There are 2 protein chains.
Amino acid sequence: MSGPRPFANALEMLRSAGLRPTRQRLALARLLFDKADRHVTAEQLHGEAVSAAVPVSLATVYNTLHQFIGAGLLREVVVNPGRSYFDTNVSDHHHFFLEESGRLVDIPGDRIDVSNVPLPPAGTAIRRVDVIIRVERDED
Amino acid sequence: MSGPRPFANALEMLRSAGLRPTRQRLALARLLFDKADRHVTAEQLHGEAVSAAVPVSLATVYNTLHQFIGAGLLREVVVNPGRSYFDTNVSDHHHFFLEESGRLVDIPGDRIDVSNVPLPPAGTAIRRVDVIIRVERDED
DNA sequence: TCAATAGATTAGACAAATTCTAAAGAAGCG
DNA sequence: CGCTTCTTTAGAATTTGTCTAATCTATTGA
């Protein structure tokens, strides 16, 4: 759905990112990338790690998530004030956001067109375009 | 830039919204709407009120901002985890976000096209489409 | 005008998410 | 193995925003 994963396993992925393959980082990488594209919060991921009997603190989860973002392995999605989602899909795409449930749904980049974009303010260059389509329960 | 303001003054605006025109709400409405389109945080607005010798607590600033949102006088823009911007422009439009400075710049709705939007997930309806163009300082 | 009342404001406590700090632990390297 | 560097961690601190209970104020109608 978002192209082949570039890494055969977590160890290789961490090595390529220049991050020491510690027990915590290996476990978090597996939790994040072994399944399909995911949108997780730090608390969620920490809960999964604890459930999987991986000894890891919440501070380390935050550290690791930010290191993964820095390495381009992960993307942050901001839809809600006061809570961040971390998206394992780093290809070009956008999101539906279901406000009631807090769920994010990917929209592949080629399934939506953003065109006629004006020039960015003087002295700046576009880094990323985020389209967030906020949806609500349909009264049927 | 965003059409004529629908209200001649703050008093009339609050009345139409069914909100008692208290000293605090009147002052905050003037700070927000007397100038051109603005993007402010709650802390910023509180600071402005205090500077203008308006006695108002931060709690009231938050209450008032949310009441104004409920009345359709204001819109919340979410671009940064852990901080909300309140936008006095409620017409159809989008934003450039300058990450380094935290500044928002309006993009009129008719200056950008979002097309070919896929159907929302079953049982949901689109409430709003937000386009956030993240820009960074251009290395010239 | 004035008292009654419904609604508004406030200080300060509280809450949630995230970051920081300083100390202890683990990796990598010779 | 021992040294050095990087990592993890508990817990404190920070930040943003909300809640509570008491006080205050706008409105209303006699």
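What you see below is based on every heavy atom in this structure, not just the backbone, and it leaves out hydrogens, waters and symmetry mates. Source: prediction; values computed, not measured. Within every chain, numbering begins at 1; the chains are lettered A, B, ... in the order of the sequence lines, protein sequences first and strands thereafter.
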Spacing of A:Q67 atom CD relative to C:dT19 atom P, expressed in whole Å:
12 Å
Is there side-chain contact between B:P55 and B:R23, with heavy atoms separated by less than 4.5 Å?
yes
Can you tell me how far C1' of C:dT18 sits from CG of A:L45, to the nearest Å?
15 Å
Over 60° means perpendicular and under 30° means parallel, so tell me whether B:Y85 and B:F97 are parallel, tilted or perpendicular.
perpendicular
Got B:V77 and B:H95 here, is their nearest side-chain heavy-atom distance under 4.5 Å?
yes
Any side-chain N or O of B:Q24 less than 4.0 Å from the OP1 or OP2 oxygen of D:dT25?
no
Per A:R83 side chain, nearest of listed nucleotides C:dT9, D:dG11, C:dA17:
C:dA17
d(A:D34 CG, A:L32 CG) to nearest 0.5 Å is 9.5 Å
Taking only side-chain N and O atoms of B:H66, does any of them lie within less than 4.0 angstrom of OP1 or OP2 on D:dT18?
yes
Which of D:dT9, C:dT10, D:dG17 is nearest the side chain of B:N63? It is C:dT10
Is B:R25 near enough to C:dA8 that one of its side-chain N or O atoms lies under 4.0 angstrom from OP1 or OP2?
yes
Just N and O in the side chain of A:T22: are any of them under 4.0 Å from OP1 or OP2 of C:dA27?
no
Judged by each residue's nearest nucleotide on DNA chain D, which is more toward the 5′ side, B:A59 or A:G18?
A:G18
Kindly indicate whether the side chain of A:S84, heavy atoms from C-beta on, has any atom under 4.5 Å from the side chain of A:T41.
no
In whole Å, what is the span from the CG atom of A:L19 to the P atom of D:dT5?
19 Å
Whether the side chain of B:T60 engages the backbone of B:V56 through a donor-acceptor N/O pair (distance < 3.5 Å, no angle test) should be reported.
no
Counting just side-chain N and O atoms, does B:S57 come under 4.0 Å of either OP1 or OP2 of C:dT9?
no
Taking the side chain of A:S84 as heavy atoms from C-beta outward, which of C:dA26, D:dT8, C:dT18 is closest to it?
C:dT18
Considering the terminal five base pairs at each end of the helix from C:dT1-D:dA30 to C:dG30-D:dC1, what angle separates the two local helix axes, rounded to 10°?
20°
Taking for each residue the nucleotide of DNA chain D bearing the nearest heavy atom, is the 5' side occupied by B:P21 or by B:E76?
B:E76
Quick check on C:dT9: is either OP1 or OP2 less than 4.0 Å from any side-chain nitrogen or oxygen of B:R23?
no
Taking the side chain from B:R38 and the backbone from B:L31, do they hold a donor-acceptor pair closer than 3.5 Å?
yes
Check whether any side-chain N or O of A:Y62 sits under 4.0 Å from OP1 or OP2 of C:dT19, and answer yes or no.
no
Euclidean distance, atom CG of residue B:L58 to atom P of C:dA13 [Å, nearest integer]:
15 Å
Looking at side-chain heavy atoms only, is the closest gap between A:E99 and A:E136 below 4.5 Å?
no
Would you classify B:P81 as touching base, sugar-phosphate or nothing, given that sugar-phosphate means primed atoms plus P, OP1 and OP2, and contacts are heavy atoms under 4.0 Å?
nothing
So, does B:R20 get its side chain near the phosphate of C:dT9, meaning an N or O under 4.0 Å from OP1 or OP2?
no
